[in-house]
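Before any comments, here is the structure.
Along the sequence shown, residues carry numbers from 1. The shown structure was predicted, so the numbers you read here are calculated from the model rather than taken from an experiment.
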Amino acid sequence: MVDQRFPREARVLRRPEFDAVFGEGRSRADDAIIVYARPRPGGGGPRLGLVVGRKFGNAVFRNAWKRRFREAFRRRRGDLPDAHDFVVLPRGPGITPSAAEAEQHLVKLARDAAKFYAKRGAKRGAKERRAR
């Protein structure tokens, strides 16, 4: 049975970790969420970071949205690619999928983003693109 807790080591916590996922990771999106994925050197299980800005709704909405996706991650962590950091954002204001939909969106997009990263590699930064 898969451990269904959400321990500290299963979370993307620090600003540099988020910056690395946004800067180098690859993303996939659907109508509800955007998922960024980046392989993590050193292995380990998947980690999750959630970003929900004020433009997406009030604090009640933002916290409910985060609870929904933390729960989806806890329940489906075993279905996600190992040794990856995932950062999840809502696609638009006021969109909160049901618990089952959140699990489906998270697993599908996390797998797709990890495959896309494996196929295309790290995203080049703006400076690298201008230098070419």
Kindly say whether Phe6 contributes a backbone atom to a donor-acceptor pair with the side chain of Arg11 at under 3.5 angstrom?
yes

Partner residues of Arg8 under the salt bridge (charged side-chain N to carboxylate O under 4.0 Å, His left out) criterion, sequence neighbours left out
none

Set of residues satisfying side chain to side chain contact (heavy atoms under 4.5 Å, CB included) with respect to Ala110, sequence neighbours excluded
Val35, Leu80, Phe86

With the 4.5 Å side-chain cut-off for hydrophobic clustering, are Ile33 and Phe61 part of the same group?
yes

Do Phe18 and Ile34 share a hydrophobic cluster (ILVMFWY, side-chain heavy atoms under 4.5 Å, transitive)?
yes

Which atom of Pro97 lies closest to which atom of Phe69, heavy atoms considered:
CG-CZ, 3.8 Å

Nearest 0.5 Å, what's the CZ-CZ distance between Arg70 and Arg67?
7.5 Å

How far does CG of Leu106 sit from CZ of Arg111, to the nearest 0.5 angstrom?
10.0 Å

Looking at residues at least two apart in the chain, or sitting in another chain, which of them share a side chain to side chain contact (heavy atoms under 4.5 Å, CB included) with Ala100?
Ser98

Roughly how far apart are Leu109 CG and Gln104 CD, rounded to 0.5 Å?
11.0 Å

All salt bridge (charged side-chain N to carboxylate O under 4.0 Å, His left out) counterparts of Asp79, not counting sequence neighbours
Arg76

Residue list, salt bridge (charged side-chain N to carboxylate O under 4.0 Å, His left out) with Lys108, at least two apart or on another chain
Asp112

By the rule that ILVMFWY residues connect when side-chain heavy atoms come within less than 4.5 angstrom, directly or transitively, which residues belong alongside Phe116?
none

Heavy-atom closest pair (Gly57 atom, Arg62 atom, distance to 0.1 Å) is O-NH1, 2.7 Å

So which pairs with a foot in residues 19-36 pass side chain to side chain donor-acceptor pair (under 3.5 Å), sequence neighbours left out?
Arg15-Asp19, Glu24-Arg38, Asp30-His105

Do the side chains of Val88 and Leu13 join up, straight or via other hydrophobic residues, at under 4.5 Å, putting them in one cluster?
no

Tell me which pairs pass side chain to side chain donor-acceptor pair (under 3.5 Å) where either residue lies in residues 49-60, with sequence neighbours left out.
none

Per the salt bridge (charged side-chain N to carboxylate O under 4.0 Å, His left out) rule, what does the pair list look like for residues 86-95, sequence neighbours excluded?
none

Between side-chain atoms of residues 39-52 and protein atoms elsewhere (two or more places apart, or another chain), which donor-acceptor pairs fall under 3.5 Å?
{"unit_1": "Arg40", "atom_1": "NH1", "unit_2": "Gly45", "atom_2": "O", "d": "3.4"}
{"unit_1": "Arg40", "atom_1": "NH1", "unit_2": "His84", "atom_2": "O", "d": "3.2"}
{"unit_1": "Arg40", "atom_1": "NH1", "unit_2": "Asp85", "atom_2": "OD1", "d": "2.7"}
{"unit_1": "Arg40", "atom_1": "NH2", "unit_2": "Gly43", "atom_2": "O", "d": "3.2"}
{"unit_1": "Arg40", "atom_1": "NH2", "unit_2": "Gly45", "atom_2": "O", "d": "2.5"}
{"unit_1": "Arg47", "atom_1": "NE", "unit_2": "Asp85", "atom_2": "OD1", "d": "2.7"}
{"unit_1": "Arg47", "atom_1": "NH2", "unit_2": "Asp85", "atom_2": "OD1", "d": "3.4"}
{"unit_1": "Arg47", "atom_1": "NH2", "unit_2": "Asp85", "atom_2": "OD2", "d": "3.0"}

